[in-house]
Enquirer: 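Would you mind keeping the following structure in view while I ask a few things?
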4 protein chains.
Amino acid sequence: MGSRERRAREKEARTEHILGVARTLLLKKGLHATTVNQIAKLAELSVGTIYLYFKNKEDIFAALQEEGLMLLNQKIVAAVSAAATQQDKVRAICSAYVEFSETQSSYYDVITYFLSTSEQFFPKRLKTRIDRIGSRILIYCSHVLEAGIEAGEFRKVDARRHTIWLWGTLNGLIQFRKMEATMLQKESYRKIVQYALDNFLDTLVVK
Amino acid sequence: MGSRERRAREKEARTEHILGVARTLLLKKGLHATTVNQIAKLAELSVGTIYLYFKNKEDIFAALQEEGLMLLNQKIVAAVSAAATQQDKVRAICSAYVEFSETQSSYYDVITYFLSTSEQFFPKRLKTRIDRIGSRILIYCSHVLEAGIEAGEFRKVDARRHTIWLWGTLNGLIQFRKMEATMLQKESYRKIVQYALDNFLDTLVVK
Amino acid sequence: MGSRERRAREKEARTEHILGVARTLLLKKGLHATTVNQIAKLAELSVGTIYLYFKNKEDIFAALQEEGLMLLNQKIVAAVSAAATQQDKVRAICSAYVEFSETQSSYYDVITYFLSTSEQFFPKRLKTRIDRIGSRILIYCSHVLEAGIEAGEFRKVDARRHTIWLWGTLNGLIQFRKMEATMLQKESYRKIVQYALDNFLDTLVVK
Amino acid sequence: MGSRERRAREKEARTEHILGVARTLLLKKGLHATTVNQIAKLAELSVGTIYLYFKNKEDIFAALQEEGLMLLNQKIVAAVSAAATQQDKVRAICSAYVEFSETQSSYYDVITYFLSTSEQFFPKRLKTRIDRIGSRILIYCSHVLEAGIEAGEFRKVDARRHTIWLWGTLNGLIQFRKMEATMLQKESYRKIVQYALDNFLDTLVVK
DNA sequence: TATGAATGAGTCTTCATTCAT
DNA sequence: GATGAATGAAGACTCATTCAT
């Protein structure tokens, strides 16, 4: 009987579908302005059905966030493995991150949306679960720097702090994308990121 | 007649008062949980009166943001003038910024709250007005770098880009404060900021 | 300024009005089937207005109950003072109680409705407040029996227990009114009450 | 073929099973909070199946009530047959009733739940069917009193009315159990029942 | 100017019932 | 017979905004 299997697959497909719609709405209208009724309508489902797949409105968005962080993690790991030198690995991380913020912009926005949403919406329970995934990524990137140091390719910096610095920088600069037209005066934020990365590597690479 | 004057002054005082209350509530409860009725009650005014001074709930929070940016601008200018060397001026900017984000955390949060809130809450009209104030600050900081370059104290970097890089970094790292307990593993984000600044200056200062 | 006064009076009138509508609906449809929307509609008010006068659906019905118990208390006290002999006072209590259950049947039903609604709907807080009013009535009735005993009109019974017995009996029998057509086979429950009271007094009065 | 038989037996067993679950839930959570989905889950059946055995949610609870009254009837008959004197038979009825209200409190509550629920939940059709079973119990008890009168053990009272009085009293007092902590001031309601019964028998027994 | 009672559309969530498989 | 996913009307409650006083 593939019936049970088919059911399971359909269930997952439906879940994905709802999540997709929710993501779209969240990013178009923001967290609070996105209502369950809207999600239902856009998903062409009844409200009740939404609640069959998710316990809560909260649950929907938490799922979205986890999904996003997982995906980011994968992208970074993949990018790093494809790179040869340690310096290239660092560049790869940045590219992966920036690219993720663009191609998966919906996910990226959801993540930062909640990063900056201090405990107001999410209960601690969900917050920490998500922070943990973030930590995993952080540790992974630190390892890359450490490897570079051990390989003699990088100077003996504080790997952890350097990583946090890099990450903060990326987050901060990516946020400026929304201001390309105004504050950046039409200069592509990507060029700024590239500029920052080059300078960052200057502090790191042994010459 | 000083009567008209007095009235104008009273009007402004009232406006300030409402804004103060709104800020308090916004930061305690978040944007959505702050209701006009609450503002009215805490301000010991009637709801109607609030609408006499502000067209909208939206308007209240936009005013809050402008106020905040103005204040930030002042702080930075003051900090810079107090510093002697160009390097100190840069350090002063950072301190001022981080301090502002802590001591005037209410204002800082309001600013970033909306910075990261893509057109969700504010109509474009308000957004650009705010970006413009941001630009002014940016330009001011660029001038400090340029002055340092001209003085031979700094290397011939791209002042504008270096400034944006710095600002992005600061913003990004300040956001991590919320994660001191989790992702930063109890390390003070301030130390991270210091670490980043030292490294940043390494890319800038002529040795 | 009678303005503030008038406001207060209007406010109370409105409250009464809502309570009246709520009572009507509660008794016609039961607690759960009575919705705030219905109350609003029947009261020709908007839902929001209902919530201006009552914090909760719960609050509405609690108010109803207290009102009812207060009224009952008054009726009993009045009836007792009008009676001459102790025996007459006891009869007066019963009459008052039964009459209350008929003429103020709405109130009576609300009271017993909640008496029998074990903590499911009301939080303890409200339950005990109401029980307290009930206790007051109970004590008052006990005093009548005690007075009769002291006057040598009644036998030396346990006044408190005799009172509870009487009250239980009345409650139990009044409940049968709903079954006049079926279980009582068309005999008026009032006659049954009369019969019970006569026999009850036989256990009490010194002959 | 025993097949048809077996099927009938299985059907009945299933019905009993559902009823059992429904009773459990009803008493744990109250009528309104008990949902058909819950019943299905606890019964390890699908919702659809529930609707195969019962037309309605209403139907389930009506069946529950009938079951309960049947059981009560049995208990009373059994208790009476075990008693020797007529007085003991009356005491036996009371004990049986009070005990039923305690040990089978689930059933008792269901019965009174709906007794006091004027046509709110049940359509007349169901109400009268239930009243009829109640009547049967009433008549049976009357017979006990009549037998006592005929035996010269009881005074020549109106057997029917005396029975209703007794029953009303029991019901009324049992309701007070919920108020042991408050209105009864920690005195066991059972003692009150005993007290009432003793006094009741005083009006009945020939001395 | 100032008030604050009133509005009502809109929020999240529940649940009895149906029906295709 | 049995399943359980899907429905959608209905529930309690909120809140930005208006307007008669």
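Every chain is numbered from 1 and lettered A, B, ... according to where its sequence line falls, protein lines coming before strand lines.
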Enquirer: Gly48(A) or Lys11(B): which one's nearest nucleotide on DNA chain E is closer to the 5' end?
Expert: Lys11(B)

Enquirer: Quick check: closest heavy atoms across His32(A) and Lys57(A), and the distance to 0.1 Å?
Expert: O-NZ, 3.8 Å

Enquirer: Roughly, in whole Å, what's the span from CZ in Phe54(B) to C1' in dT17(F)?
Expert: 16 Å

Enquirer: If you take all heavy atoms of His17(B) and Ala43(B), which pair is closest and at what distance?
Expert: NE2-O, 3.1 Å

Enquirer: Name the nucleic acid region contacted by Val36(C), choosing base, sugar-phosphate or nothing; use a 4.0 angstrom heavy-atom cut-off, strictly under.
Expert: sugar-phosphate

Enquirer: Any idea which of dT17(E), dA12(F), dA16(F) is nearest the Tyr51(C) side chain?
Expert: dA12(F)

Enquirer: So, is Ser46(A) close to the dT7(F) phosphate, meaning a side-chain N or O under 4.0 Å from OP1 or OP2?
Expert: yes

Enquirer: In whole angstroms, how far is the P atom of dC13(F) from the NZ atom of Lys41(C)?
Expert: 18 Å

Enquirer: Taking only side-chain nitrogens and oxygens of Tyr53(D), does any of them come within less than 4.0 Å of OP1 or OP2 of dA2(F)?
Expert: yes

Enquirer: Write down the distance between NZ (Lys55(B)) and P (dA16(F)), rounded to a whole number of angstrom.
Expert: 15 Å

Enquirer: Please determine whether a side-chain nitrogen or oxygen atom of Arg14(D) lies at a distance below 4.0 Å from atom OP1 or OP2 of dA2(F).
Expert: yes

Enquirer: For the pair made of CG in Leu31(A) and P in dC12(E), what is the distance, rounded to whole Å?
Expert: 10 Å

Enquirer: Closer than 4.0 Å, any side-chain N/O of Asn56(C) to the OP1 or OP2 of dA12(F)?
Expert: no

Enquirer: Between dG1(F) and Arg7(D), is there an OP1 or OP2 to side-chain N/O distance shorter than 4.0 Å?
Expert: no

Enquirer: Taking all atoms of both residues into account, what is the closest heavy-atom pair of Ala40(B) and Ser46(B), and its distance?
Expert: CB-C, 3.9 Å

Enquirer: Looking at Arg14(A) and Tyr53(A), what are the two nearest heavy atoms and their distance?
Expert: CG-CZ, 3.4 Å

Enquirer: How many whole angstroms separate atom NE2 of His32(D) from atom P of dA16(E)?
Expert: 8 Å

Enquirer: Heavy-atom count check: over 12 atoms from other residues, nucleotides or ligands less than 6.0 Å from Glu16(A) CD?
Expert: yes

Enquirer: Tell me: CD of Gln38(D) to P of dT14(E), nearest whole Å?
Expert: 11 Å

Enquirer: Give the nucleotide from the list dA16(F), dT3(F), dA9(E) with an atom nearest to the side chain of Leu52(D).
Expert: dT3(F)

Enquirer: Flag the pair Glu10(B) and Arg6(B) as a salt bridge only when some basic side-chain nitrogen lies within less than 4.0 angstrom of an acidic carboxylate oxygen.
Expert: yes

Enquirer: Specify the separation, in whole Å, of atom CG of Asn37(A) and atom C1' of dA9(F).
Expert: 12 Å

Enquirer: Work out which heavy atom in Val110(B) is nearest to a heavy atom in Phe61(B); give both atom names and the distance.
Expert: CG1-O, 4.4 Å

Enquirer: Please state how far atom CD1 in Ile18(A) lies from atom P in dA5(F), giving the value in whole angstrom units.
Expert: 13 Å

Enquirer: Examine dC15(F): is either OP1 or OP2 under 4.0 Å from a nitrogen or oxygen in the side chain of Thr35(B)? Give yes or no.
Expert: no

Enquirer: Write down the atom of Phe54(C), the atom of Ala63(C), and the distance for their closest heavy-atom approach.
Expert: CE2-CB, 4.1 Å

Enquirer: Write out the stems for DNA chain E, ordered by first number and formatted as range with range, counting runs of at least 3 consecutive Watson-Crick or G-U wobble pairs under 3.5 Å.
Expert: E:2-21 with F:2-21

Enquirer: Go through dA16(F), dA2(F), dT3(E) for me and flag the one nearest to the Thr49(D) side chain.
Expert: dA2(F)

Enquirer: Could you check Val47(B) against Leu45(C) and say which one's nearest nucleotide on DNA chain E is further toward the 5' end?
Expert: Val47(B)

